[in-house]
Structures are given as structure tokens and as C-alpha cells.
Amino acid sequence: MKPTPRVIRFTDADALAQGAASRLLHALIRFQADDRVAQLCLTGGRIALAMYSRLGRLVEGSELDPSRLELWWGDERFVPTDDPDRNAGPALATLAGHFPLDPSRTHPMPAADGVVDAAASAATYAKELGATRFDLCLLGMGPDGHVASIFPGHPAEESSGHLVMGVSDSPLPPTERISLTTRAMNRSGEVWFIVSGEDKADAVARALTGDHSLPAARVHGHRATVWLLDQAAASRLPYFDCSMQGLSR
């Protein structure tokens with residue numbers, strides 16, 4: 001049985017980034033108990049980068065061991081390595097500016113630097129991923145309810161029985177992408193949605209009421225599914241519904 005989603009609200013985007021970073025730090029320390037390597041799947045986007053920057057500032061002096069942190073990505077724009085549209089570059093630059101990353105435990109998705117297409121590159125990433133199950137999968141969400149590069153109603157949405165898929169003709173540029181599938185994300189121990197902005201409010205409400213036409217509604221963790229929202233993104237939720245209420249700290 002999948003867990004009931006928990007909603008945690010923050011006053012604005014800055015408070016969301018700071019609060020999510022603090023919670024992420026403590027979660028990673030928890031995952032590293034008994035000398036384990038924490039398996040973390042990263043997401044892209046403005047609010048995620050703000051969270052990573054704040055996480056970096058919190059690591060020094062904490063109990064987190066960066067050498068036991070393994071990083072994966074939920075999706076990627078299939079463009080050259082140095083293209084600013086890629087998710088991996090800004091995330092890695094932000095994190096590496098604060099603490100060392102182990103290259104052998106850092107797994108960006110393939111870039112479009114050669115002749116291999118997105119579908120073949122997705123198969124390569126699936127082999128690299130193997131049987132890995134994320135302790136935590138971080139996700140953003142678009143106003144249309146898409147997560148990673150799984151778009152509602154898109155032909156590639158659930159056409160793949162694999163863990164990773166290539167996406168062509170994406171509704172958002174760039175048109176070629178690589179994405180984890182719902183199957184891969186749903187192997188995660190915990191899934192956290194980090195969502196900011198009033199333009200997401202309708203999709204947030206629909207996803208939390210179980211509208212499975214939205215990809216976001218079909219993704220969940222085995223142990224926990226958490227929605228971290230600013231007030232704008234949470235504006236269409238019933239604030240006093242205790243099953244859906246959380247307080248920022």
C-alpha cells in the first residue's frame with residue numbers, strides 16, 4: 001500500500017528552498033546510518049538549484065559525509081555537455097562549490113555529444129542504474145502536472161517498460177530528452193515534490209486528489225511521499241485538512 005502523501009507548506013519560495021535544504025540534509029544523514037551510501041536522485045529547475053545552494057552551505061560542520069553520497073538524475077535535456085539547458089551542469093557546479101563530489105558516485109545522464117540518439121543513451125543509463133533504488137527521489141512539477149520528462153498525454157508517456165526512456169517531440173524545448181520512467185521513480189524509498197508558484201496550484205490540487213491523468217499523481221515512494229510547497233503552489237488546497245497540512249520550521 002502506498003503511503004498517504006504529506007504536505008508541508010512554506011511562506012514563499014525562499015523559505016521553501018531553505019526548509020527543503022534543511023530537511024534534505026537531515027534525510028541524507030539518516031540514509032547514511034550504519035556507513036551506508038545514500039542514493040539520491042536529483043531534479044532540475046530554479047527552485048531545486050536554490051535548494052542545492054542552501055544545502056551546500058549547511059553541509060560544513062554537519063554529520064553528512066559527501067564521500068558516501070551517490071547522485072543520479074531524474075531527467076535530462078539531450079543536448080551537448082556544455083549546453084546551459086542541461087540539468088546536471090548547474091547542479092554539479094552548485095554542489096561542488098561547497099563540498100567534494102566523488103566522480104565514481106556521480107551519474108549524470110548522457111549528453112548529445114556524439115551520434116547516439118536519446119533512446120540509445122537512455123538504454124545506456126538504464127544499464128548504469130541497474131538495480132539501484134533511490135533512498136530519495138527529488139522531483140519538480142510543471143503547471144501541466146508533468147514530472148521529470150513524463151508529460152501528460154505524450155506518446156512517450158508510458159510507452160516504455162524500461163527504467164529509463166528517450167523522449168522525442170517534447171512539448172517543452174528542447175524536444176529531445178532522457179527521463180526515468182514512473183516505474184523507476186516508484187522504486188524509491190521516499191519521493192519529495194518541490195513545487196513553487198501559483199501557476200502550479202491547480203496541478204498540485206489535482207495530483208493530491210488522485211487525478212491519474214497527471215504523471216505527478218502516479219509517482220510515490222514506498223515509505224513516504226512528501227509535497228513541499230510554497231503558499232502560492234498550495235493555494236488551492238484545503239488548509240485545515242489535517243491529512244494534507246504541514247508546518248514549516
Side-chain angles (χ1 to χ4, degrees), residues 13 16-18 20-29 31-32 36-62 64-114 116 118 121-122 124-130 132-141 147-149 163-164 166-167 172-174 176-180 184-185 188 190-194 196 228:
L16 170 58
Q18 183 64 41
S22 177
R23 291 169 188 272
L24 178 55
L25 176 70
H26 289 96
L28 293 174
I29 293 170
F31 300 145
Q32 288 185 342
R36 289 186 61 248
V37 174
Q39 302 289 335
L40 175 65
C41 184
L42 301 178
T43 187
R46 177 182 53 82
I47 194 70
L49 284 176
M51 176 179 62
Y52 301 151
S53 178
R54 286 160 174 79
L55 172 67
R57 297 171 200 161
L58 295 172
V59 168
E60 186 175 359
S62 75
L64 183 70
D65 180 356
S67 71
R68 290 189 287 117
L69 182 59
E70 191 136 9
L71 301 179
W72 303 87
W73 269 261
D75 77 318
E76 188 55 274
R77 288 80 179 268
F78 193 61
V79 293
T81 300
D82 59 357
D83 193 303
D85 276 342
R86 275 180 64 84
N87 290 326
L92 288 172
T94 299
L95 293 173
H98 294 282
F99 57 84
L101 298 174
D102 183 344
S104 69
R105 289 179 171 161
T106 304
H107 307 273
M109 286 181 165
D113 295 327
V116 179
S121 296
T124 298
Y125 200 68
K127 290 180 182 178
E128 188 172 356
L129 182 63
T132 301
R133 294 175 182 264
F134 310 125
D135 292 301
L136 174 58
C137 180
L138 300 172
L139 293 171
M141 186 194 68
V147 290
S149 286
L163 297 174
V164 189
V167 177
L172 296 176
E176 297 291 309
R177 295 165 176 247
I178 301 172
S179 179
L180 296 183
M185 291 183 278
S188 307
E190 299 183 19
V191 169
W192 294 6
F193 292 90
I194 319 292
S196 172
L228 296 105

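In this text the structure is predicted, and so the values were computed from the model without any measurement. Note: hydrogens, waters and symmetry copies are ignored here, and every other heavy atom, side chains too, is used.
Here Ser196 contributes atom OG and Ile47 contributes atom CD1; the two are 4.5 Å apart, rounded to the nearest 0.5 Å. Going from atom OH of Tyr125 over to atom OG of Ser179 covers 11.0 Å, rounded to the nearest 0.5 Å.
Shown here for Pro108 and Arg86, the closest heavy-atom pair between the two residues is CB-NH2, 4.1 Å. Shown here for Met109 and Trp73, the closest heavy-atom pair between the two residues is CE-O, 3.3 Å. Counting all heavy atoms, side chain and backbone alike, Tyr52 lies closest to Leu42 at OH-CB, 3.4 Å. Shortest non-hydrogen contact noted between Gly74 and Ala148 is O-CB, 3.7 Å. Residue Cys41 comes nearest to Leu180 through the heavy atom pair SG-CD1, 3.8 Å, listed as atom of the first residue, atom of the second, then distance. Residue Thr132 comes nearest to Leu129 through the heavy atom pair OG1-O, 2.8 Å, listed as atom of the first residue, atom of the second, then distance.
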Item to check | Audit row: Met185, Val147, side-chain contact (heavy atoms from CB on, under 4.5 Å) steps and yes/no | outcome: CA-CA 10 Å; Met185 291 183 278; Val147 290; 4.3 Å; yes
Checklist entry - Between Arg77 and Asn87, is a side-chain contact (heavy atoms from CB on, under 4.5 Å) present by the stated rule, with each step listed? => result CA-CA 7 Å; Arg77 288 80 179 268; Asn87 290 326; 4.0 Å; yes
Next on the checklist: Before you tell me yes or no, could you show the steps for Leu24 and Trp192 under side-chain contact (heavy atoms from CB on, under 4.5 Å), namely the whole-Å CA-CA distance, both residues' side-chain angles and the distance that decides it to 0.1 Å?
Outcome noted: CA-CA 10 Å; Leu24 178 55; Trp192 294 6; 4.0 Å; yes
Item to check | Leu138 vs Met51, side-chain contact (heavy atoms from CB on, under 4.5 Å): CA-CA, chis, key distance, verdict | outcome: CA-CA 11 Å; Leu138 300 172; Met51 176 179 62; 3.8 Å; yes
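Side-chain contact check for Val116 versus Pro110: every heavy-atom pair is 4.5 Å or farther apart. Residues His98 and Arg57 are in side-chain contact: their nearest non-hydrogen atoms beyond the backbone lie under 4.5 Å apart. With a 4.5 Å cut-off on side-chain heavy atoms, Phe31 and Leu40 do not count as touching. Contact annotation: the side chain of Asp75 never approaches that of Val167 to less than 4.5 Å [non-hydrogen atoms, C-beta and beyond]. Side chains of Phe193 and Thr43 form no contact here, defined as non-hydrogen atoms less than 4.5 Å apart. Using a 4.5 Å heavy-atom threshold, the side chains of Leu58 and Gln18 count as touching. Residues Phe99 and Leu69 have side chains in contact (heavy-atom distance under 4.5 Å, counting atoms from C-beta outward). Side-chain contact between Thr94 and Leu55 is absent, with no heavy atoms from C-beta onward closer than 4.5 Å.
By the 6.0 Å contact criterion, CZ on Arg46 is open, its count of non-hydrogen atoms from other residues, nucleotides or ligands being 12 or less.
Checked by atom type and distance alone, the side chain of Asp135 pairs as donor or acceptor with a backbone atom of Gln39 at under 3.5 Å. Looking only at distances, a side-chain donor or acceptor of Arg68 sits under 3.5 Å from a matching main-chain atom of Arg36. Although no hydrogens or angles enter the test, the distance criterion places no donor-acceptor pair under 3.5 Å between the side chain of Ser121 and the main chain of Ala118. Using a distance-only test at 3.5 Å, with no hydrogens or angles considered, a donor-acceptor pair links the side chain of Glu76 to the main chain of Ala88. Panel note: side chain Ser53, backbone Ala50; no donor-acceptor pair is recorded below 3.5 Å.
In terms of the side-chain hydrogen bond (donor to acceptor under 3.5 Å, both in side chains) criterion, Thr106 has no residue partners (sequence neighbours excluded). In terms of the salt bridge (charged side-chain N to carboxylate O under 4.0 Å, His left out) criterion, residue partners of Arg54 (sequence neighbours excluded) are, by chain and number, Asp14.
Donor-acceptor pairing under 3.5 Å is recorded for the side chains of Glu70 and His107.
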